[in-house]
Asker: 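The following block contains the structure, expressed as structure tokens.
All figures in this text were calculated on a predicted structure; none of them were measured in a lab. We name chains A, B, ... by the order of the sequence lines, and we start the count at 1 in each one.
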Number of protein chains: 2
Amino acid sequence: MNFRYFILGLLAEQPMSGYDIKLFLKSLDWLIASPSFGSVYPTLHSLLEDALVTVDVVENDDKPARKVYTITEAGRQALRAWIGQPLECDISLKTFLMRLMLAGNLSRDELVTYLQKRRSQVKVHLDALEKIAGEHDEAVGLGKRLAFDFGLTAATTEIHWLTQTLEGLS
Amino acid sequence: MNFRYFILGLLAEQPMSGYDIKLFLKSLDWLIASPSFGSVYPTLHSLLEDALVTVDVVENDDKPARKVYTITEAGRQALRAWIGQPLECDISLKTFLMRLMLAGNLSRDELVTYLQKRRSQVKVHLDALEKIAGEHDEAVGLGKRLAFDFGLTAATTEIHWLTQTLEGLS
DNA sequence: GGCGCCATGTAAACCGTTACATGATTCA
DNA sequence: TGAATCATGTAACGGTTTACATGGCGCC
């Protein structure tokens with residue numbers, strides 16, 4: 001949801017310009033989401049104002065100058081605080097993946113806990129979906145039936161993936 | 001994304017109050033998304049203003065009065081226009097599922113075309129993901145590797161589901 | 001010359017959330 | 001008495017998109 005910390009997290013791995021960030025995010029469009037330039041640049045300005053990043057203007061002879069942003073120590077601290085905060089009942093897939101991408105800032109144990117928590121949350125929603133899919137059962141329109149079926153498949157797959165990933169991690 | 005037409009689509013199946021809609025959407029929270037009351041009621045007012053729905057105030061003795069909204073012929077027309085419009089490069093999973101849920105307004109052929117288009121779009125994104133996952137391969141952080149892996153699994157599963165569903169439909 | 005890419009930025013509009021207000025009923 | 005559910009609504013706020021503006025380079 002909030003790209004602010006995701007962008008900060010990307011800068012924690014390597015300094016980037018707003019254009020770089022936008023391009024990378026565009027390649028993740030399907031997986032996560034791609035904010036527009038009109039969202040990326042102001043976010044960067046805001047991070048700069050809060051001293052979580054610094055800028056270096058890199059001049060190029062043939063290409064326009066680039067503003068490369070680098071994370072500061074305060075930025076790393078803020079990032080750790082954001083990543084460390086509990087998952088609540090958040091469960092948005094996009095947020096899960098954004099945080100997962102920044103798992104480099106997590107210890108192995110923290111990552112395991114994160115994935116386990118996600119798994120239990122998906123399980124809750126799978127059970128809930130099974131229940132309402134059972135209630136609506138017949139009579140309900142074809143579209144709803146298909147959508148419920150897709151949800152069941154997606155949730156089951158995610159739980160399976162989480163279990164396998166957790167096994168690979170231990 | 002835009003709940004306006006999704007809500008209109010739900011009303012096409014049966015008249016509902018804002019509260020009913022919110023409850024149903026809440027049960028779909030994980031699968032699609034659940035707009036708040038502060039979003040549902042104004043949307044309903046807007047639909048009413050555009051004469052796409054009508055209201056009936058149903059008084060109850062023990063419970064508060066409910067405002068039950070019913071779709072009009074103009075509303076059905078607007079809904080058909082929305083559903084009929086091409087998918088562009090939209091591909092947001094939520095939008096796909098919202099439209100899928102309203103498939104009752106589609107002919108069998110249109111539904112098949114819709115699912116086929118979705119499948120080809122997911123395939124494009126699967127290929128793109130495989131490419132960037134291959135590029136980043138080693139060196140890239142654990143988090144990114146996991147996220148890419150999840151994306152690959154999710155996309156593969158969706159394509160598989162679409163293929164099976166299409167087979168079941170013919 | 002025109003198109004597309006690189007690169008940055010701003011302002012208005014849009015859509016949604018959060019937080020509030022109201023008020024009746026039921027249950028502990 | 002207080003909390004929870006039912007039921008509707010408004011206003012401020014926030015994040016994002018859309019649409020614009022700028023400007024140089026390389027290619028056909």
Side-chain angles (χ1 to χ4, degrees), chain A residues 1-8 11 15-29 32-50 53-70 82 88-92 94-95 98, chain B residues 1-8 11 15-29 32-50 53-70 82 88-92 94-95 98:
Chain A
M1 240 198 171
N2 232 6
F3 285 106
R4 184 180 166 86
Y5 286 99
F6 187 49
I7 287 177
L8 186 61
L11 292 177
M16 284 189 188
S17 71
Y19 197 80
D20 292 337
I21 290 169
K22 167 69 182 161
L23 282 199
F24 178 65
L25 255 28
K26 200 182 178 186
S27 75
L28 299 180
D29 196 12
I32 298 183
S34 182
S36 61
F37 282 118
S39 189
V40 172
Y41 288 123
T43 298
L44 253 10
H45 300 331
S46 160
L47 290 173
L48 188 63
E49 222 174 274
D50 295 348
V53 297
T54 56
V55 215
D56 290 290
V57 180
V58 179
E59 304 279 355
N60 277 67
D61 290 338
D62 49 342
K63 291 180 180 179
R66 303 166 70 249
K67 288 192 176 179
V68 176
Y69 292 85
T70 307
W82 180 73
E88 322 149 34
C89 297
D90 178 30
I91 42 93
S92 143
K94 283 179 185 176
T95 306
M98 284 201 291
Chain B
M1 241 197 174
N2 233 5
F3 286 107
R4 186 180 165 85
Y5 286 99
F6 187 49
I7 287 175
L8 186 61
L11 292 176
M16 283 190 191
S17 70
Y19 197 80
D20 292 337
I21 290 171
K22 167 66 182 160
L23 281 201
F24 178 65
L25 256 27
K26 199 182 179 187
S27 73
L28 299 181
D29 195 12
I32 299 183
S34 181
S36 60
F37 282 118
S39 189
V40 172
Y41 288 123
T43 299
L44 253 10
H45 299 332
S46 159
L47 290 172
L48 189 64
E49 223 175 274
D50 295 348
V53 298
T54 55
V55 216
D56 290 290
V57 180
V58 179
E59 304 279 355
N60 277 68
D61 290 337
D62 48 344
K63 290 180 181 180
R66 303 167 69 249
K67 289 192 175 180
V68 176
Y69 293 85
T70 308
W82 180 73
E88 321 150 35
C89 297
D90 179 30
I91 41 91
S92 142
K94 283 179 185 175
T95 306
M98 283 200 292

Asker: Tell me the interatomic distance from Leu44(B), atom CG, to dA7(D), atom P, rounded to whole angstroms.
Answerer: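 Taking atom P of dA7(D) as the reference, CG of Leu44(B) is at 14 Å.
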Asker: From CD of Glu59(A) over to C1' of dG23(D), roughly how many Å is that when rounded to an integer?
Answerer: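 After rounding, the gap between these two atoms is 14 Å.
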Asker: Could you go through the salt bridge (Lys or Arg N to Asp or Glu O under 4.0 Å) check for Arg66(B) and Asp56(B) one step at a time?
Answerer: CA-CA 8 Å; Arg66(B) 303 167 69 249; Asp56(B) 290 290; over 6 Å; no
Asker: I'd like to compare against my own output: the B/S/- annotation of nucleotides 4-11 of chain C with a strict under-4.0 Å heavy-atom distance to protein.
Answerer: --BBBBB-
Asker: In the structure I gave you, are the side-chain heavy atoms of Leu25(A) and Asp29(A) within less than 4.5 Å of one another anywhere?
Answerer: no
Asker: Could you give the CZ-to-C1' distance, from Phe6(B) to dC15(C), as a whole number of Å?
Answerer: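 Result: 17 Å.
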Asker: I want to check something: taking the side chain as every heavy atom from C-beta on, are Leu44(B) and Ile21(B) in contact at a cut-off of under 4.5 Å?
Answerer: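 Yes. Closest side-chain heavy atoms under 4.5 Å.
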Asker: Rounded to whole angstrom units, what separation is found between the CZ atom of Arg4(B) and the P atom of dG16(C)?
Answerer: 11 Å
Asker: Which part of the nucleic acid does Ser46(B) contact within heavy-atom distance under 4.0 Å: base, sugar-phosphate only, or nothing?
Answerer: nothing
Asker: Taking side chain to side chain donor-acceptor pair (under 3.5 Å) as the test, write out the residues that go with Ser34(A), two or more places apart.
Answerer: Lys22(A)
Asker: How would you list, by chain and number, every residue that makes a salt bridge (Lys or Arg N to Asp or Glu O under 4.0 Å) with Asp50(A), sequence neighbours excluded?
Answerer: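 Once residues adjacent in sequence are excluded, the partners of Asp50(A) under the salt bridge (Lys or Arg N to Asp or Glu O under 4.0 Å) criterion are Arg4(A).
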Asker: For a side-chain contact (heavy atoms from CB on, under 4.5 Å) with Leu47(A), tell me which candidate from Thr54(A), Val53(A), Val55(A) qualifies.
Answerer: Val53(A)
Asker: Between dT18(D), dT16(D), dG16(C), which nucleotide has the shortest distance from any of its atoms to the side chain of Phe3(B)?
Answerer: dG16(C)
Asker: Using atom CG of Leu25(B) as one end and atom C1' of dA7(D) as the other, report the distance to the nearest whole Å.
Answerer: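 That distance rounds to 17 Å.
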Asker: Rounded to whole Å, how long is the line connecting atom CG of Asn2(A) with atom C1' of dC13(D)?
Answerer: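 Result: 14 Å.
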